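Report on one structure; see the data block that follows.
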Protein chains: 2
Amino acid sequence: MKALKYRPNSVARSLVSNQTKTIALISGPLHNPFFVETTTSIVNYAEVKGYRTMVFFEHTDENRPVYDAVLAERVDGILLSSIFRDDSIFDELHALNIPIVMYNRRHNRGGNYVEIDNELSGSIAASHLLELGHRNLGLIGGPDYTSTFHGRKTGFVREYERWLGQAFPEEMIVETNTTEAAVHQAVLDLTSRKKMPTAIFAATDAIAFFAMDKLQEIGYSIPEDISICGMDNVNFASHQSFQLTSIGQKGPKNLGLIGAEHLIDLIEEEPLEEVQITLEPTLYDRKTTKPI
Amino acid sequence: MKALKYRPNSVARSLVSNQTKTIALISGPLHNPFFVETTTSIVNYAEVKGYRTMVFFEHTDENRPVYDAVLAERVDGILLSSIFRDDSIFDELHALNIPIVMYNRRHNRGGNYVEIDNELSGSIAASHLLELGHRNLGLIGGPDYTSTFHGRKTGFVREYERWLGQAFPEEMIVETNTTEAAVHQAVLDLTSRKKMPTAIFAATDAIAFFAMDKLQEIGYSIPEDISICGMDNVNFASHQSFQLTSIGQKGPKNLGLIGAEHLIDLIEEEPLEEVQITLEPTLYDRKTTKPI
DNA sequence: GTGAAAGCGCTAACAC
DNA sequence: GTGTTAGCGCTTTCAC
């Protein structure tokens, strides 16, 4: 009788069942194509599994408002890419007593995470550039207090020092906040060093794209004048207009999707053991790097 | 006393207050950079205004599951880019009696919407290409049952016929579902016509990027062999590696942000009058189009 | 089996 | 002002 009118109130149901069928996603910014791919996978996977996704984007400056919003919300689980290595939000989030999975970045104290081997990635980038004969390398990264950039830098520097037996020159490392403006400035900085680098490792493809844009704008050809190696192997990297050499994972499932699968497992099954996954990286050798 | 433990239950509060401080966003796919820009703006604006955003992505095939999920949810308002010109979901959504704003696409019957003038955009594209001397034009669009593609095609064809006094050749219009594979096929189709087009209007920048990728892959140079004009004037369009000529709006606020502002107004203020906004387009003339 | 009642954790209304 | 109570719309339990 009420057949064609009645809509059960999901809020009332949530109140009694104590589950909202909603997950919170705290993602890095979408101007980084890596996060467009993970966000797409996560939202669509959650939908298939019957979950709604509340999306929040990491702020460049201060994440407190985002975390406060999430903390105030009742969700069944949290997926986040934005944590710092030694982030105090780790405890606050875990005090919620709901499943939490970190993807991309991880926290010093562990927890559930899905990452790529960042140190290995950095060393793959370095040895690729070194093998091509480059000796004057630059690195444009993000904040060192994130596991991703810390790991990539560490691996890159270590491999350089292993090859050449000399310290990597500090001034060839530029840490940015990964925004377009900051990366453009980094390019200006690096190209004005007394010995300009012949090759740059951009610690994400997003950084690589910004850097290539600026380099071309100020008159450099890639890879003729300077080689660029990115990381994440984002879809756009293989576009003919970029042909960006990049480090990326091997399998087809991105870190976000793997994280989402495990998060929903953790929500629905008994909290077996921690999920701590480190994917193996590999080099996707395209056209933005060439022998010197 | 309970000072350091108590977290108010937002679900219980929502039940009694009858508001969830949550909006639903049904967005086109993020592989279209237009939607990464709108989604970013919407989520961040909503957060500032104290609203959470539940994100859903339009499916290429069948949107029913998405709409069912949204219909089952209690949200304070809905923002959607995915509606068809004559979509029956229009009534179902409006039966919810909550504010609804369509952005990008609109419905035949009106409602609240924020769009760009699609017909004018199409005619701007046509006259730009015609002015450059091109007479053999191709069009790669999306489904005609969407206001955007319908309008862009209509304006493009009308302008062509106004200039040349002859019917636009049907076989030079390829309607796709805007996926990468479909656009690649469209490029193959168009380049194998007995008279290959010397210029293509891609009805979105996303389509333009896919088309350029395929064209270059099969050996064409842009714009030397073929001119490409996109639409949306997405951030990536101005990247040095693309330099994509595109049609876009004039102002700095994207359609999604404008839609979000009005949606939250409608939620918080009395439902004054309908918001029906049509932005004026303009040509961003870059390097992918040249005189024949 | 069917039906009534209790209760989830808040807010708002009403008393004192 | 401060305290108590009713009730939001479900689900689950318990009685019949």
Side-chain angles (χ1 to χ4, degrees), chain A residues 1-24 26 46-54 56 64-78 89 91-100 263-271, chain B residues 1-24 26 46-54 56 64-78 89 91-100 263-271:
Chain A
M1 29 212 65
K2 62 232 295 193
L4 270 318
K5 278 286 144 190
Y6 174 69
R7 292 199 316 129
N9 186 323
S10 60
V11 176
R13 173 179 294 149
S14 288
L15 182 60
V16 45
S17 68
N18 204 32
Q19 52 165 7
T20 52
K21 284 294 195 175
T22 300
I23 63 172
I26 309 172
E47 191 216 311
V48 166
K49 301 294 281 187
Y51 287 79
R52 257 60 70 211
T53 310
M54 244 171 212
F56 301 84
R64 195 67 230 177
V66 176
Y67 288 126
D68 282 341
V70 174
L71 255 4
E73 212 56 44
R74 296 314 243 236
V75 293
D76 294 349
I78 301 175
I89 198 66
D91 292 323
E92 292 185 66
L93 255 17
H94 283 267
L96 260 29
N97 266 316
I98 56 174
I100 296 176
L263 180 68
I264 290 180
D265 265 8
L266 290 171
I267 291 172
E268 301 191 336
E269 318 291 336
E270 263 324 286
Chain B
M1 27 211 67
K2 61 229 298 194
L4 268 319
K5 277 287 146 189
Y6 174 68
R7 293 198 315 129
N9 186 323
S10 60
V11 177
R13 174 179 295 148
S14 289
L15 183 61
V16 46
S17 69
N18 204 32
Q19 51 164 10
T20 54
K21 284 294 195 174
T22 300
I23 63 173
I26 309 172
E47 191 215 310
V48 167
K49 301 293 281 186
Y51 287 79
R52 258 59 70 214
T53 309
M54 247 174 209
F56 301 83
R64 195 66 231 179
V66 176
Y67 288 126
D68 283 341
V70 174
L71 257 2
E73 213 55 43
R74 297 312 243 236
V75 293
D76 294 349
I78 301 175
I89 198 66
D91 292 323
E92 292 185 66
L93 254 20
H94 283 268
L96 259 31
N97 267 316
I98 57 175
I100 296 176
L263 181 68
I264 290 180
D265 266 7
L266 290 170
I267 292 172
E268 301 191 335
E269 316 291 335
E270 264 323 285

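In what follows, every chain begins at residue 1, and chains take the letters A, B, ... in the order their sequences are listed. The figures here come from the full heavy-atom set of this structure, side chains too, leaving out hydrogens, waters and symmetry mates. Predicted model only: the values in this text are computed from it and were never measured.
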Assess, by modelled atom type and distance only, whether the side chains of Q19(A) and Y51(A) contain a donor and an acceptor separated by less than 3.5 Å.
no
I need the [atom1]-[atom2] distance between [X] and [N], as an integer number of Å.
X	N	atom1	atom2	value
N9(B)	dG7(C)	CG	C1'	14 Å
N18(B)	dC10(D)	CG	C1'	14 Å
R13(A)	dC10(C)	CZ	P	21 Å

Say whether, by atom type as modelled, one donor and one acceptor occur between the side chain of T22(B) and the main chain of T20(B) under 3.5 angstrom.
yes
With the side chain defined as heavy atoms from C-beta on, L15(B) is closest, among dC8(D), dC10(C), dC10(D), to dC8(D)
Categorize R74(A) for me: base, sugar-phosphate, or nothing, with a 4.0 angstrom heavy-atom threshold over every strand shown.
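The answer is nothing, as R74(A) stays clear of every strand by at least 4.0 Å.
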If the threshold is 4.0 Å, N to carboxylate O, is there a salt bridge linking E92(A) and R64(A)?
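Salt bridge between E92(A) and R64(A), a charged N being under 4.0 Å from a carboxylate O: yes.
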